[in-house]
There are 2 protein chains.
Amino acid sequence: MNDVAKLAGVSQPTVSRVLNSDSISVHISDETKERVMDAVKTLGYRTNVMARGLRTQRSQLIAIMIADISNGFYHLIVRAVQDVAREHNYEVLISNSDHVYENEKHFCEVVLDRGVDGVIMVPIHLISYDDLDPYLSQTDIPFVVLGQHVDHPEVDKIFVDDEKAIYEATLWLIHKGGHQNIGYVGVPDFQPAGPRRFRGYRRALEESGLPFNPAWCYSEGDFTREGGAKAIKRLHETGTMPEALIVLNDLMAIGAILALQELGYNVPEDVAVIGFDDIPEATIVRPKLTTIAQNPREIGTNLANALFQRIEHPRTTRRNIESSYKLIERDSTRRKT
Amino acid sequence: MNDVAKLAGVSQPTVSRVLNSDSISVHISDETKERVMDAVKTLGYRTNVMARGLRTQRSQLIAIMIADISNGFYHLIVRAVQDVAREHNYEVLISNSDHVYENEKHFCEVVLDRGVDGVIMVPIHLISYDDLDPYLSQTDIPFVVLGQHVDHPEVDKIFVDDEKAIYEATLWLIHKGGHQNIGYVGVPDFQPAGPRRFRGYRRALEESGLPFNPAWCYSEGDFTREGGAKAIKRLHETGTMPEALIVLNDLMAIGAILALQELGYNVPEDVAVIGFDDIPEATIVRPKLTTIAQNPREIGTNLANALFQRIEHPRTTRRNIESSYKLIERDSTRRKT
DNA sequence: TTGTAGGCGTTATCAC
DNA sequence: GTGATAACGCCTACAA
């Protein structure tokens, strides 16, 4: 910047003013402006973002943490966030927790050190007040999260009522599908989504007066295709395969379908399967997967909008936006007539 | 840091020394060390990465640009890069070009401004010397790219010989599969991968003395499932469906298979299909997709290792590493006996 | 082993 | 309108 100033025959602060002329109130003579811009061009000057950040305490950087980059559900969220960020002239730092608690904490620390201007998280474990407060109280960086269960007054929340979604899907399987023996494939209790979604399933059974059979349930999943396949193998070995299966997410549901077929079961004739998320693979697998669709584009846009609202107007009250879901009936539950 | 110094009763630089004691040669008395660390803890001090970056000209940040976050092929690359980066205590900024030239250039600009310490790219268009040189010459930030066609002496290259891979796959289809009428689904010429891979296909036909029929080829693809489906619709409409199809990537190959089945074709009996990448979806689709597997984990690790080699030893000579590929025979080419 | 002084490249607050 | 001058938070000679 000093070089530019020298070449243009002005002082260094003047160069700064010219470069930021649109976000500043001072008037600069057109002639100076021109001379400075010329010098900038011939010298190929580019402003040093770190130096500016140090001075302004802004980084023009936001961070997003997702649980699994390999899960298509998160792609559209990320894309939507990036699109909004670009409009605001922000870059996006993406991180991957792989559903691991330590990674989530590490993310928060890194992010605070790096002085990002805002944070979007899809926390799996980092949801209690006590876990979150250390990060939230020591800065006033806006946090926006996906997940209704997140317990802190300072965060904006976008959420999907997944307990209710699973509850309704189970009821649908009972009433529209005419199923009685409905099993469940989920994840261990230490993954908060596990008990939450499981509750929806059990509530539907109870209210319908149907028996709950622990032998039909598998809770050792890990959100992946392999996890879904393992569930089926276990169920098969114990010799109690239910006639319908609620699976906690699509990736596991797909793994389950493929494993069922390998073992000689027909889907949906022998076992109907219903997933959660509506990832692109849901329409690749045969039969096509019936699933509870979330709206990742909408979720991402909401997350990003809430964040930039807070970045630009820090005193805004916290948002709490429910995002919709919708059961999409495809072939994995549809009996041929 | 000043506060910490005051509380510990030492000077501010001493605090800095304690905090960086492992990467510095000076000895510090254990007592001071302890007092400083205590103060750090009670004050909840965290080092300001931007200030450090300004002083050291290092950001502990690398950036990676991929062509499509929704394409599973890139996930493992990104993961591998993140894993290596974590070992080196680096964060990763991820960006998405969506195969668009302007996005690629924008990425380079942003990245240089932000003072990242290194760049990994999967450039689609930004491959000529003239396009790259502006970014490379104005800094000495290491660039590592995926793509043999990239033409600049200052970059490290990891590459896969995709022309040869397609050539061999086509030969395989001719000799092992016994096919004569082999079609091709690709992307427009302005996508450099288009002509390159197409060349491999034509070379195999020529050397085998087989006719080349433009009516069997579609070059308006866009790397997506939808693109593959469109190709099939077009081929179907013109009434000349070849008996085997080389498709430029798996996503399009899967789109093609689904579209073929919807139109009543049997795969592989009526049309055999072979893809490129070996993404996870290749084993979801039925029939399972025969494909030229790349090794994304290896690619990502190589990319990252080359980069950190350069970051840590700037004078290293440039690398040029070929990554392997391998034809994986699955059911989309295997005629039932 | 520790303290002092200076500067990294900006922006912000004054004067003029 | 523009130019000095200080400060953002840290690291690194150099001196003690």
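Here is how names work: the chains are called A, B, and so on, in the same order as the sequence lines, proteins then strands, and each is numbered from 1.
Closest heavy-atom contact between A:Gly115 and A:Ser59: O-OG, 2.8 Å. Shown here for A:Pro296 and A:Phe73, the closest heavy-atom pair between the two residues is CB-O, 3.6 Å.
Contacts of B:Ser11 with the nucleic acid, taken as non-hydrogen atoms under 4.0 Å apart, include base atoms. Residue A:Arg46 is classed as a sugar-phosphate contact, given heavy-atom separations below 4.0 Å to backbone atoms only. Backbone-only engagement by B:Asn20 is indicated by non-hydrogen atom pairs under 4.0 Å involving sugar-phosphate atoms exclusively. B:Thr56 comes within 4.0 angstrom of the backbone, heavy atoms only, and of no base. Among the heavy atoms of the strands lying under 4.0 Å from A:Met1 is at least one base atom, whether or not backbone atoms are also near. Backbone-only engagement by B:Gln57 is indicated by non-hydrogen atom pairs under 4.0 Å involving sugar-phosphate atoms exclusively. Looking at heavy-atom distances under 4.0 Å, A:Val49 makes no contact with the nucleic acid at all. Across all strands, A:Ile28 comes closer than 4.0 Å only to sugar-phosphate atoms, never to a base (heavy-atom distances).
Between A:Tyr101 and A:His125, the ring-plane angle classifies as perpendicular under the 30° and 60° cut-offs. Relative orientation of the B:His88 and B:Phe308 rings is parallel, given thresholds of 30° and 60° on the angle between their planes.
OP1 or OP2 of C:dG9 has not a single side-chain nitrogen or oxygen of A:Arg52 nearer than 4.0 Å. In this model, the phosphate group of C:dT2 is not approached by any side-chain N or O of B:Thr14 to a distance below 4.0 Å at OP1 or OP2.
Rounding to whole angstrom units, CG of residue B:Asp113 and P of C:dT10 are separated by 10 Å. Atom CG of A:Asn48 is separated from atom P of D:dC8 by 18 Å (rounded to the nearest Å). Atom-to-atom, NE2 of B:His27 to C1' of C:dT2 comes out at 14 Å; the value is rounded to the nearest Å. Rounded to a whole Å, the CG atom of A:Asp22 is 12 Å from the P atom of C:dT11. What separates CD of B:Glu34 from C1' of C:dT1 is a distance of 17 Å, to the nearest Å. Atom-to-atom, CG of B:Asn2 to P of D:dA7 comes out at 13 Å; the value is rounded to the nearest Å. Between A:Arg58 atom CZ and C:dT10 atom C1' there is a gap of 16 Å when expressed in whole angstrom units. Taking atom CG of A:Leu54 as the reference point, atom P of D:dC8 lies 9 Å away to the nearest angstrom.
Annotation: side chain of A:Asp156 is not in contact with side chain of A:Pro142 (no heavy-atom distance under 4.5 Å).
Between the NE2 atom of B:His149 and the CD1 atom of B:Ile124 there is a distance of 6.5 Å, given to the nearest 0.5 Å. Remark: A:Gln12 CD to A:Arg17 CZ distance equals 9.5 Å, nearest 0.5 Å.
Axis deviation across the helix from C:dT1-D:dA16 to C:dC16-D:dG1 amounts to 40°, comparing end segments of five pairs, rounded to 10 degrees.
Nearest nucleotide to the B:Gln12 side chain, out of C:dT1, D:dC8, D:dC11: D:dC11. Distances from the side chain of B:Pro13 to the nucleotides C:dA12, C:dA5, D:dG9 place C:dA5 closest. Listed nucleotides: D:dA6, C:dG3, D:dG9. Nearest to the side chain of B:Arg17: C:dG3.
Not a single donor-acceptor pair, N or O on each side, falls under 3.5 Å between the base of C:dA12 and the side chain of A:Arg55.
Remark: of the listed residues B:Leu126, B:Val100, B:Val110, B:Leu126 is the sole one forming a side chain to side chain contact (heavy atoms under 4.5 Å, CB included) with B:Lys105.
Taking for each of B:Glu31 and A:Ser16 the nucleotide of DNA chain C with the nearest heavy atom, the 5'-most of the two is the partner of B:Glu31.
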